[in-house]
Amino acid sequence: MKPRIGVTASSRSGWRIFPLVAFNIWLAGGKAVKWVTAGDVDIDAVHGVIIGGGDDISPDLYGGELVTSARLDPERDALEQNIARIAFEDGTPILGICRGSQMLNITLGGTLNQDAYSTYESRKYRTILPRKRVRLEPERRLSTICGPQEMRVNALHSQAVDTLGEGLAVAARDEGGMIQAIERVRDPFAIGVQWHPEHLFYARRQRSIFRALVTAARAYRESRAQLAHVDAEGISP
């Protein structure tokens with residue numbers, strides 16, 4: 001049986017994003033289950049979780065100040081924070097994509113920079129094409145999963161991780177120093193990427209991120225150490 005991955009999706013844009021995420025999970029050997037409302041969610045029925053992209057996260061969750069340009073979805077915020085909290089408590093592996101990466105950080109006590117491009121000297125892109133350059137931090141798991149070379153990714157975000165949540169480390173930054181990926185340094189497996197790898201399914205290094213999650217989900221299902229299992233898989237061929 002393929003590992004089942006619960007995937008959160010926006011009620012507005014999930015109809016077009018979920019199929020892409022599901023396709024990537026299928027390529028990695030898993031099966032995606034769509035979660036839009038609380039009634040959809042059954043964490044006991046899955047072996048891994050993806051917190052997907054979408055609107056900005058309300059600063060109420062981390063004590064920040066509201067930026068007037070922010071587009072918020074409080075109901076989704078509450079739903080996804082609860083999912084992330086339960087996943088961490090139960091040891092369920094988790095991947096955060098864009099706002100999902102930010103949600104992982106907040107759930108573990110971190111904060112966000114709501115207007116990140118005014119803080120960092122990073123070139124602002126808003127495209128699903130791989131135009132932004134990110135540098136993977138050496139000796140981090142993401143570097144092992146994807147390979148250590150500089151990576152080209154897409155970018156659709158305005159917020160970014162500021163202070164790190166408990167047990168997290170920076171896994172990648174862009175040329176201006178803005179955090180572009182985070183990862184948990186101990187089990188359960190958790191990685192958050194600021195870009196959208198689901199749009200880059202044609203790139204081997206992006207597919208390897210989903211492969212790592214499915215590998216961790218398989219280890220979770222078998223009650224095995226997740227990070228050790230992911231490390232044993234190595235870089236995706």
Side-chain angles (χ1 to χ4, degrees), residues 17 20-21 24 50-57 59 61-62 64-65 67 69-71 84 94-165 167-185 189-213 235-236:
I17 300 300
L20 277 175
V21 177
N24 280 275
I50 291 179
I51 306 293
D55 295 328
D56 291 341
I57 296 173
L61 272 64
Y62 55 91
E65 295 183 1
V67 175
S69 61
R71 182 176 180 179
I94 187 167
L95 169 64
I97 295 175
C98 199
R99 76 168 255 131
S101 177
Q102 298 161 10
M103 184 59 76
L104 301 190
N105 190 57
I106 290 170
T107 302
L108 292 174
T111 64
L112 303 182
N113 186 324
Q114 270 210 303
D115 192 8
Y117 286 98
S118 68
T119 302
Y120 295 93
E121 294 182 1
S122 301
R123 184 172 177 181
K124 187 171 185 177
Y125 293 98
R126 192 163 186 83
T127 176
I128 62 171
L129 299 177
R131 297 186 60 195
K132 178 187 278 284
R133 294 178 181 272
V134 298
R135 299 183 180 91
L136 304 186
E137 295 291 331
E139 301 182 5
R140 290 294 172 207
R141 187 155 282 102
L142 185 62
S143 177
T144 301
I145 291 167
C146 298
Q149 301 85 1
E150 184 178 81
M151 181 183 289
R152 283 185 176 270
V153 300
N154 50 30
L156 295 170
H157 66 96
S158 56
Q159 299 184 143
V161 167
D162 189 6
T163 59
L164 289 170
L168 295 175
V170 176
R173 296 180 185 270
D174 68 13
E175 70 283 356
M178 189 190 304
I179 295 173
Q180 293 293 309
I182 56 176
E183 63 183 52
R184 188 174 166 92
V185 297
F189 172 95
I191 284 180
V193 295
Q194 191 60 74
W195 61 92
H196 288 261
E198 71 272 22
H199 288 288
L200 305 174
F201 55 87
Y202 49 84
R204 173 185 59 83
R205 299 176 72 192
Q206 303 302 321
R207 293 195 304 272
S208 68
I209 297 171
F210 292 96
R211 180 188 177 204
L213 174 67
I235 299 172
S236 177

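No experiment lies behind these values; they were computed from the predicted model shown.
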Can you measure from CE (M103) to CD1 (I97) and round to the nearest 0.5 angstrom?
14.0 Å
Taking everything shown except Q149 itself, do over 12 heavy atoms lie less than 6.0 Å from its CD?
yes
Y117 and Y125 have their tightest heavy-atom pair at OH-N, 4.3 Å
Say whether, by atom type as modelled, one donor and one acceptor occur between the side chain of N154 and the main chain of I128 under 3.5 angstrom.
yes
Do R184 side-chain atoms and F189 backbone N/O form a donor-acceptor pair below 3.5 Å?
no
Tell me if a side-chain donor or acceptor on N105 pairs with a main-chain N or O of S101 at a distance below 3.5 Å.
no
Taking every heavy atom of C146 against every heavy atom of L136, the minimum-distance pair comes out as CB-CD1, 4.2 Å
At what distance, to the nearest 0.5 angstrom, does CD1 of I94 lie from OG1 of T107?
7.5 Å
Short side-chain to backbone donor-acceptor contact, E183 and R141, under 3.5 Å
yes
Does Q159 offer a backbone N or O that forms a donor-acceptor pair with the side chain of Q102 under 3.5 Å?
yes
Quick one: does T163's side chain have a donor or acceptor within less than 3.5 Å of a partner on G110's backbone?
no
Nearest atoms (heavy-atom pairs only) where I145 meets A212
CD1-CB, 3.6 Å
Closest non-hydrogen atom pair between I209 and P197, with its separation:
CD1-CB, 4.3 Å
Check L104 against G96 and note the closest heavy-atom contact, atom names and distance.
CD1-N, 3.8 Å
Verify side chain to side chain donor-acceptor pair (under 3.5 Å) between T119 and N113, making sure each step is shown before the conclusion.
CA-CA 8 Å; T119 302; N113 186 324; 2.8 Å; yes
Mind checking the CG-CH2 spacing from L156 to W195? Nearest 0.5 Å is all I need.
13.5 Å
Determine, stepwise, if the pair R133 / M151 fulfils side chain to side chain contact (heavy atoms under 4.5 Å, CB included).
CA-CA 6 Å; R133 294 178 181 272; M151 181 183 289; over 6 Å; no
Verify, without hydrogens or angle tests, whether R207 (side chain) and F201 (backbone) share a donor-acceptor contact under 3.5 angstrom.
yes
In chain order, what residues pass the salt bridge (charged side-chain N to carboxylate O under 4.0 Å, His left out) check against R205, with sequence neighbours excluded?
none
Side chains of H196 and E198: do they bring a donor and an acceptor to under 3.5 Å?
yes
To the closest 0.5 Å, what do you measure between CD1 (I191) and CG (L95)?
7.5 Å
May I ask you to decide if E139's main-chain N or O and S143's side chain share a donor-acceptor pair within less than 3.5 Å?
no
Value rounded to 0.5 Å, distance of CG in L200 from CG in L20
10.0 Å
Residues L164, I182; criterion side chain to side chain contact (heavy atoms under 4.5 Å, CB included); working and verdict
CA-CA 8 Å; L164 289 170; I182 56 176; 3.7 Å; yes
Determine, stepwise, if the pair D56 / H157 fulfils side chain to side chain contact (heavy atoms under 4.5 Å, CB included).
CA-CA 8 Å; D56 291 341; H157 66 96; over 6 Å; no
Could you pull out the closest heavy-atom pair between L61 and I106, with the gap in Å?
O-CG2, 3.8 Å
Are L129 and R152 close enough that some pair of their side-chain heavy atoms sits under 4.5 Å apart?
no
What donor-acceptor contacts under 3.5 angstrom involve side-chain atoms of residues 171-180, with partners at least two apart or in another chain?
from: R173; atom 1: NH1; to: G177; atom 2: O; distance (Å): 2.8
from: D174; atom 1: OD1; to: S122; atom 2: OG; distance (Å): 2.9
from: D174; atom 1: OD1; to: G176; atom 2: N; distance (Å): 2.9
from: D174; atom 1: OD1; to: G177; atom 2: N; distance (Å): 3.1
from: D174; atom 1: OD1; to: M178; atom 2: N; distance (Å): 3.0
from: D174; atom 1: OD2; to: S122; atom 2: OG; distance (Å): 3.0
from: D174; atom 1: OD2; to: K132; atom 2: NZ; distance (Å): 3.0
from: E175; atom 1: OE2; to: R123; atom 2: N; distance (Å): 3.3

Side chain to side chain contact (heavy atoms under 4.5 Å, CB included) between V185 and L168, worked out
CA-CA 6 Å; V185 297; L168 295 175; over 6 Å; no
